[in-house]
Amino acid sequence: MLDIKLIRNDPEAVKAALARRGEPTSSIDEVLELDTRMRAISTERDDIRAEVKQISEQVGALHKDGKADDAAALQTTSRELGDKEKALTEEANELQAAIRSLLLNVSNMPAPEAPDGLTEDDNVELRVEDFDLASYAEHQRVPHWGIGEDLGILDVDRAVRMSGSMFAMYRGAGARLLRALINYGLDRNRDAFEEVRPPTMVKTDTMVGTGHLPKFADDAYHLERDDLWAIPTAEVPLTSMVAGEILDEGDLPLRLMAHTSCYRREAGSAGKDTRGLLRVHEFDKVELYAFCTPDQAQAMHMEILERAENAIRDLGLAHRVLDLACGDISGAGARTYDIEVFAPGVDRWLEVSSVSWCTDFQARRANVRYRPSEGKGTEFVHSLNGSGLAVPRVWAAIVETYRRPDGSICMPEALHPYLGGMTEIPAV
RNA sequence: GGAGACGUGGCCGAGCCAGGUUGAAGGCGCUUCCCUGCUAAGGAAGUAACGUCGUAAGGCGUUCGUGGGUUCAAAUCCCACCGUCUCCGCCA
């Protein structure tokens with residue numbers, strides 16, 4: 001959520017920033033107008049409340065002195081004021097609710113340094129590593145779903161039978177590889193990040209905190225009867241971990257990581273990327289997360305990016321890093337770096353990590369503040385998140401990249417400690 | 001799911017039954033100062049967040065789980081919801 005004070009003080013700057021995303025700015029004007037009215041009404045209401053409070057004190061005193069008649073007169077006045085106060089309160093509440101619901105649908109302002117542009121074509125490629133299209137041999141140019149089926153490590157057909165399209169099932173060595181990737185993703189960040197295993201079903205408020213609701217309700221699974229949402233990413237419960245709390249500056253940065261399943265309805269992408277693991281409704285991911293002060297944010301953004309990229313690099317996968325254009329940054333982010341791996345079998349770059357700096361946008365929604373050690377009062381924290389390792393697409397890239405001419409797959413060395421002696425998935 | 005108890009400031013904990021200078025006693029913690037050679041002990045003062053008005057000092061308002069209601073006036077009375085604990089049931 002954007003700072004209402006900023007909108008008041010410099011609406012043009014806010015609108016200019018939102019325009020860089022290609023987002024309509026009419027709601028900012030609407031917010032301004034409602035806010036002006038809301039404040040006028042609140043002030044009036046507060047004055048009446050103060051008056052009622054004073055009268056009530058007098059009434060109490062008069063009753064004590066036995067002057068019931070004088071008290072009765074004041075009570076009548078106060079009753080009238082009370083009615084007025086009630087009406088004003090109702091109006092103020094309505095305005096406040098209207099402002100909030102408008103603001104909840106406004107995206108974060110992109111950072112000034114974020115590249116211009118509205119689509120993914122405008123993303124800036126920062127670097128490409130280990131990529132040479134000509135270096136891939138014929139045996140590597142086979143899609144992972146074919147390989148998976150041949151080797152009995154991926155069973156999409158049966159997953160679809162039990163859950164519908166865009167679900168997958170890993171089997172045998174394939175399931176083991178998945179488990180290795182998760183442990184690999186967690187262990188390499190154990191030096192600085194606290195491992196958390198949060199709930200994967202959360203309340204509506206928790207989803208609002210990250211910005212996934214109300215705007216993106218269609219993308220999330222919702223359990224009607226219990227009014228719970230299946231998380232689309234561990235970012236959701238991690239953001240809520242300290243919701244409503246005031247942290248000490250000394251505790252920042254607060255680094256957290258979590259492995260969870262992630263659930264996405266992928267509404268609007270029906271028929272797109274439906275094969276194999278390119279896009280699935282349920283997948284495993286190791287998420288890296290941090291709360292920090294505004295001053296620490298820049299360095300933390302780089303740290304998470306570096307950790308995510310190192311995890312990919314150490315697996316020996318061709319990859320590139322993109323600096324997302326304003327229009328391609330997700331709602332809560334101010335600046336986002338994507339990491340994509342190249343999967344030779346499907347001949348595509350696959351997004352495997354999105355490292356976002358959300359400034360105080362999520363902190364405002366989830367009400368996470370910190371107490372600066374110098375000075376008084378409280379400030380909103382900054383929040384950052386990035387996939388430490390998104391399993392299915394990395395799994396796919398490994399299976400395709402490491403396929404040998406005989407159809408077997410050798411395992412990246414970095415995973416050997418997690419595979420209990422398994423160094424390859426043999427051909428059948 | 002059933003029965004009972006309970007939700008007060010950074011923490012502990014009074015106040016609620018008999019509604020009225022209670023933003024809330026007392027304690028712990030924390031900050032500053034005083035005293036003592038250092039420490040310990042002791043003394044004094046301070047110690048919430050948010051909104052709004054104001055250049056500021058400060059004023060006003062809101063917040064005792066949440067939301068309603070009763071009343072001139074609610075931490076205190078009533079209702080609903082959420083949560084915690086204990087017992088029972090069920091269960092990996």
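So that the names make sense, note that chain A is the first sequence line, chain B the second, and so on, each numbered from 1. Note that these values count all heavy atoms, side chains included, but never hydrogens, waters or copies made by symmetry.
For Arg45(A), no side-chain nitrogen or oxygen approaches OP1 or OP2 of U52(B) to under 4.0 Å. The shortest distance between the side-chain N/O atoms of Lys203(A) and the OP1/OP2 oxygens of U66(B) is not below 4.0 Å. For U52(B), the OP1/OP2 oxygens have a side-chain nitrogen or oxygen of Arg8(A) closer than 4.0 Å. Of the side-chain N and O atoms in Lys64(A), none sit less than 4.0 angstrom from OP1 or OP2 of U21(B). When the side-chain nitrogen and oxygen atoms of Ser42(A) are compared with OP1 and OP2 of G61(B), none of them lie within a distance under 4.0 Å. In this model, the phosphate group of G51(B) is approached by a side-chain N or O of Lys5(A) to a distance below 4.0 Å at OP1 or OP2. Taking only side-chain nitrogens and oxygens, Arg79(A) never comes nearer than 4.0 Å to OP1 or OP2 of A73(B).
The aromatic ring centroids of His382(A) and Phe361(A) lie 6.0 Å or more from each other.
A distance of about 27 Å separates the P atoms of C35(B) and G26(B), rounded to the whole Å. Separation of the P atoms belonging to C28(B) and A45(B) is 14 Å when rounded to the nearest angstrom. Rounded to whole Å, the C1' atom of U22(B) lies 12 Å from the corresponding atom of A74(B). Comparing A73(B) with G10(B), their C1' atoms sit 31 Å apart, to the nearest whole Å. Between A48(B) and A24(B), the distance separating the two P atoms is 10 Å to the nearest Å. Straight-line distance between the C1' atoms of A5(B) and C16(B): roughly 16 Å, to the nearest whole Å. Nucleotides C78(B) and U55(B) have their C1' atoms positioned 48 Å apart, rounded to a whole Å. For the C1' atom pair drawn from G65(B) and C82(B), the interatomic distance equals 8 Å after rounding to whole Å.
C28(B): Watson-Crick or G-U partner is G10(B), with both key distances under 3.5 Å. Across all strands shown, U86(B) forms a Watson-Crick or G-U wobble pair with A3(B), both key distances being under 3.5 Å.
Results of the salt bridge (charged side-chain N to carboxylate O under 4.0 Å, His left out) test with Arg255(A) over Glu287(A), Glu194(A), Glu303(A) single out Glu303(A) as the only residue that passes. Checked options Arg45(A), Glu51(A), Glu80(A), Glu90(A); the residue passing with Glu85(A) is Arg45(A) (criterion: side-chain contact (heavy atoms from CB on, under 4.5 Å)).
A donor-acceptor pair under 3.5 Å links the side-chain atoms of Glu400(A) to the main chain of Gly345(A), judged by distance alone.
At whole-Å resolution of the value, CD in Glu51(A) and C1' in C72(B) are 13 Å apart. What separates CG of Asp65(A) from P of G20(B) is a distance of 17 Å, to the nearest Å.
When heavy atoms are screened at a 4.0 angstrom cut-off, Ser56(A) is found touching base atoms of the nucleic acid.
With no hydrogens or angles considered, no side-chain donor-acceptor pair links Trp395(A) and His144(A) at under 3.5 Å.
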